[in-house]
Amino acid sequence: MSVDELLDPLFLEVTDPAIRDLRTLREDLAVTPTPLQPLDRLRDHLGGGPRLWIKRDDLTGLALGGNKTRKLEYLLADARAQRADVLVTVGAGQSNHARQTAAAAARAGLEAVLVLRVPQDATPEYRTSGNILLDRALGAEVVLVEESADDPHPELAAADAVVAQLRADGLRPYLIPTGGSTAIGALGYVESYAEIVTAATAFTEIVFANGSAGTQAGLLAGRDLLPDAGRPRIHGVAVSPEADELAAAATAIAGETLSFFGRELSEPAEVDDGHVGPAYGALTEEAAEAIRLFGRTEGILLDPVYTGKAAAALLRRIRSGAYSGDEDVLFLHTGGAPALFAHAPALTAAFTV
């Protein structure tokens with residue numbers, strides 16, 4: 001069956017017309033379905049193990065791609081329904097979501113304001129290159145606020161102030177939370193899950209980075225909405241220390257997404273907390289190795305903040321014998337390569353190994 005054949009009947013079950021119509025009205029931002037490719041050279045390098053595959057959501061096509069484009073298709077449809085003229089979002093300085101939001105706003109003819117937190121000791125490269133450079137190239141207004149021990153997330157209050165000022169100026173801002181991780185945004189990963197199950201391969205596990213819970217929520221909801229397509233393990237890998245909070249958020253968002261369809265979540269999210277390192281965004285030796293291996297065996301770029309850590313989890317599980325040789329395991333590439341440039345000093349040393 002095609003994705004449309006799987007999902008269209010489900011959306012017809014939705015009683016709220018504002019939600020039911022989102023799939024028809026969603027913005028055409030992503031190039032889908034994204035490629036599904038074998039990782040045979042990586043598997044050979046590892047000496048065997050499960051059959052490895054990669055879902056290339058780094059190739060969604062909008063401003064260097066990434067998983068947030070799928071969420072933004074639905075979020076932008078909701079913003080248009082609310083007659084918004086400005087998209088406002090928050091995140092870390094090198095937020096991939098912020099870059100894709102800036103691009104989505106440009107495509108839609110809207111303004112974008114990105115409120116981004118930066119560490120006080122952030123390097124000049126972090127503050128000016130990578131995604132921040134691209135945000136500005138895409139025409140977004142970039143507001144940088146510094147983290148502190150007392151307030152590790154100053155972008156949240158700052159964004160509220162931005163929204164209040166925009167409204168005072170007579171504009172209609174649409175505030176998108178970190179990562180676009182809402183029940184509406186998660187519909188983009190219900191769609192991605194439908195693409196995965198239309199493949200001829202029955203995967204036993206899907207491994208991916210969890211930074212704000214929305215991708216995992218959408219995959220969990222998709223699995224419950226399409227129960228006849230098998231039941232792969234949904235293995236989210238935390239990229240920040242708040243793994244319990246990420247699991248709780250993924251569970252809550254998945255439940256809310258399923259409620260659109262009159263369904264309930266069958267089991268809570270589980271998040272792997274073993275690959276964060278000392279902090280969010282800190283390069284780990286495992287992630288550096290994963291970036292090298294994917295690049296040098298498959299010609300695929302990972303990043304140090306998200307996909308590098310998720311791939312490190314995959315490699316550790318393969319080496320520990322977590323999978324049998326007759327399993328098919330899928331790595332979901334959520335994008336993020338522009339951040340490589342913002343972490344150039346640390347990565348240059350890691351790549352000379």
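Keep in mind that this is a model prediction, so the values were computed, not measured.
Annotation: F11 is not in aromatic contact with F260 [ring centroid separation under 6.0 Å not met].
Heavy-atom contacts from other residues, nucleotides or ligands closer than 6.0 Å to CD of E147 number more than 12. Counting heavy atoms of neighbouring residues, nucleotides and ligands inside a 6.0 Å radius, atom CZ of F261 exceeds 12 of them.
Under the 4.0 Å criterion applied to side-chain N and carboxylate O atoms, E73 and K68 are not assigned as salt-bridge partners. Between R319 and E289 there is a salt bridge, since at least one side-chain N of the basic residue sits less than 4.0 Å from a carboxylate O of the acidic one. Of the charged side-chain nitrogens involved, at least one lies within less than 4.0 Å of a carboxylate oxygen, so that K55 and E195 count as a salt-bridged pair. Classification of E191 and R23 as a salt-bridged pair holds, one side-chain N sitting under 4.0 Å from a carboxylate O. In summary, R26 and D78 do not engage in a salt bridge, as defined by a charged side-chain N under 4.0 Å from a carboxylate O. With respect to the salt-bridge test (charged N to carboxylate O, under 4.0 angstrom), the residues E327 and R233 qualify.
Atom OG1 of T215 is separated from atom CG of D57 by 8.0 Å, given to the nearest 0.5 angstrom. Distance check, rounded to the nearest 0.5 Å: CH2 of W53 to CG of L39 gives 9.5 Å. Considering CG of L87 and CD1 of I176, their distance stands at 5.0 Å, rounded to 0.5 Å.
Partners of T297 by side chain to side chain donor-acceptor pair (under 3.5 Å), not counting sequence neighbours: none found.
For R51 (side chain) and D326 (main-chain N/O), a donor-acceptor pair under 3.5 Å exists by modelled atom type. The backbone N or O of Q94 lies less than 3.5 Å from a partner atom in the side chain of N131, making a donor-acceptor pair.
Between T60 and the choices T334, N67, T34, the side-chain contact (heavy atoms from CB on, under 4.5 Å) rule is met once, by T34.
The minimum heavy-atom distance linking N96 with G336 is given by the pair OD1-CA, 3.2 Å. Taking both residues in full, the closest heavy atoms of A102 and A112 are given as CA-CB, 4.2 Å, listed atom of the first, atom of the second, then distance. Nearest heavy-atom pair across V190 and A221 is CG2-CB, 4.0 Å. Nearest heavy-atom pair, L25 versus A77, reported as atom, atom and distance to 0.1 Å: O-CB, 3.6 Å.
Judged purely by distance below 3.5 Å, without hydrogens or angles, the side chains of R172 and Q82 never pair a donor atom with an acceptor atom. Side-chain polar atoms of T89 and H97 form a donor-acceptor pair below 3.5 angstrom. Side chains of R223 and Y193: no donor on one and acceptor on the other come within 3.5 Å. Looking only at atom types and distance, the side chain of T284 has no donor-acceptor partner in the side chain of E286 under 3.5 Å away.
Within the 4.5 Å cutoff, the side chain of Q100 has no heavy atoms near those of the K71 side chain. At a threshold of 4.5 Å between non-hydrogen side-chain atoms, the residues L246 and S240 count as touching. Within the 4.5 Å cutoff, no side-chain heavy atoms of D151 are placed close to those of L156. Put simply, the side chain of L332 reaches to within 4.5 Å of the side chain of Y189, judged on heavy atoms. A heavy-atom distance below 4.5 Å is found between the side chains of L293 and H45.
The aromatic rings of F294 and F331 lie tilted to each other, with the angle between the two planes from 30° to 60°.
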Q) Could you walk me through whether R99 and L138 pass the side chain to side chain contact (heavy atoms under 4.5 Å, CB included) check? A) CA-CA 8 Å; R99 163 178 45 87; L138 292 162; 4.2 Å; yes

